[in-house]
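To start, the structure under review is shown below, and the notes come after it.
Quick caveat, the model's predicted, so the values are computed rather than measured.
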Amino acid sequence: MIGRVKYMAIFVSILLAFMAMSAMAVAMEGQTGGVFGERMLFGFSADFWILRVMVPLFLLPVIIVAGLESRIVGTLAIAYVIGSVVEDFFWFVVNPYYGLGKWNSTDATWPNWIKIGPFELPLFYLISFAVTLILWFVFFKNANRVNLFFKKYLPWATTKL
């Protein structure tokens, strides 16, 4: 098992990578928000290829090197979910054509928004928060049980390089 500082370093580096991805998306989209998700290749959007294929492939070496261990899987999964939210929000921070003033359902029409009292935010932010809590409960609160499951059913994946 690796130390908490290393888990935090992994988590923070993944969030920084998602922030960099925001800047990349702004550079590609320019003044047109949400277009990146409309660019298609083999029937899938650019968002799909980057967020659902490329990012997990970048995270996979950590599991290969560290072995399949509950807290490392939890750290990667939670960083991935929170990173998706950070990437979306940071897009507005770095985008000179939108900015935080247009982080609302009127100007940013591509996500589904939800109102909570006087505030509104993209629905997937709330879903991501719920998923993060579930991931924490499974991979951190029940780490010993998950590790036993990994050792019993996936023994080949629990060895470290």
Minimum heavy-atom separation for S70 and A143, please, with both atom names. OG-CA, 3.4 Å
Spacing of CD1 belonging to I63 relative to CD1 belonging to I72, to within rounding of 0.5 Å: 7.5 Å
With a 4.5 Å heavy-atom cut-off, do F124 and V131 have their side chains touching? no
Is the gap between the ring centers of W91 and W103 under 6.0 Å? no
Closest non-hydrogen atom pair, D88 against P122: OD2-CG, 4.2 Å
Any chance you could lay out the side chain to side chain contact (heavy atoms under 4.5 Å, CB included) test for V81 and F129, step after step, and finish with the verdict? CA-CA 8 Å; V81 172; F129 177 73; over 6 Å; no
Are Y125 and I114 close enough that some pair of their side-chain heavy atoms sits under 4.5 Å apart? no
Would you mind reporting whether K102 and N95 have side-chain heavy atoms less than 4.5 Å apart? no
Would one find more than 12 heavy atoms of other residues, nucleotides or ligands at under 6.0 Å from atom CE of M54? yes
Applying the 4.5 Å side-chain criterion to the ILVMFWY set and letting contacts propagate, would L100 and V94 be lumped into a single cluster? yes
Are any of the side-chain heavy atoms of M21 and L51 separated by less than 4.5 Å? yes
Identify the heavy atoms of S105 and W113 that sit nearest to each other, and give their distance. CB-CG, 3.4 Å
With heavy-atom distances below 4.5 Å as the criterion, would you say the side chains of I82 and F11 are in contact? yes
What are the two closest non-hydrogen atoms of A25 and E87, and how far apart are they? CB-OE2, 4.3 Å
Mind telling me whether F48 and F44 have parallel, tilted or perpendicular rings, with 30° and 60° as the class edges? parallel
First locate atom CG of N104, then atom CZ of F119, and finally report the distance between them rounded to the nearest 0.5 Å. 14.0 Å
In this structure, CH2 of W136 is separated from CZ of R71 (nearest 0.5 Å) by 10.0 Å
Common cluster, F140/V5, ILVMFWY with side-chain heavy-atom separation under 4.5 Å: no
What is the distance from atom CD1 of I134 to atom CD1 of I78, rounded to the nearest 0.5 Å? 11.0 Å
Is there a side-chain contact between P56 and L76 (heavy atoms, below 4.5 Å)? no
Do L133 and F137 sit in one hydrophobic cluster, given that two such residues count as connected whenever their side-chain heavy atoms are within less than 4.5 Å of each other, even indirectly? no
Are L59 and V62 side-chain neighbours, meaning at least one heavy-atom pair lies under 4.5 Å? no
How long is the span from the OG atom in S84 to the CG atom in L15, to the nearest 0.5 Å? 10.0 Å
Which value, rounded to the nearest 0.5 Å, describes the distance between F92 atom CZ and D107 atom CG? 8.5 Å
Report yes if the side chains of T75 and I14 come closer than 4.5 Å at any heavy-atom pair, otherwise no. no
Is there a path of hydrophobic side-chain contacts, each under 4.5 Å between heavy atoms of I/L/V/M/F/W/Y residues, joining V73 to V12? yes
Which heavy-atom pair separates T106 from T109 by the least distance, and what is that distance? O-CG2, 3.5 Å
Minimum heavy-atom separation for F150 and F139, please, with both atom names. CZ-CE2, 4.2 Å
Is F42 linked to L57 within one hydrophobic cluster, defined over Ile, Leu, Val, Met, Phe, Trp and Tyr using a side-chain heavy-atom separation of less than 4.5 Å? yes
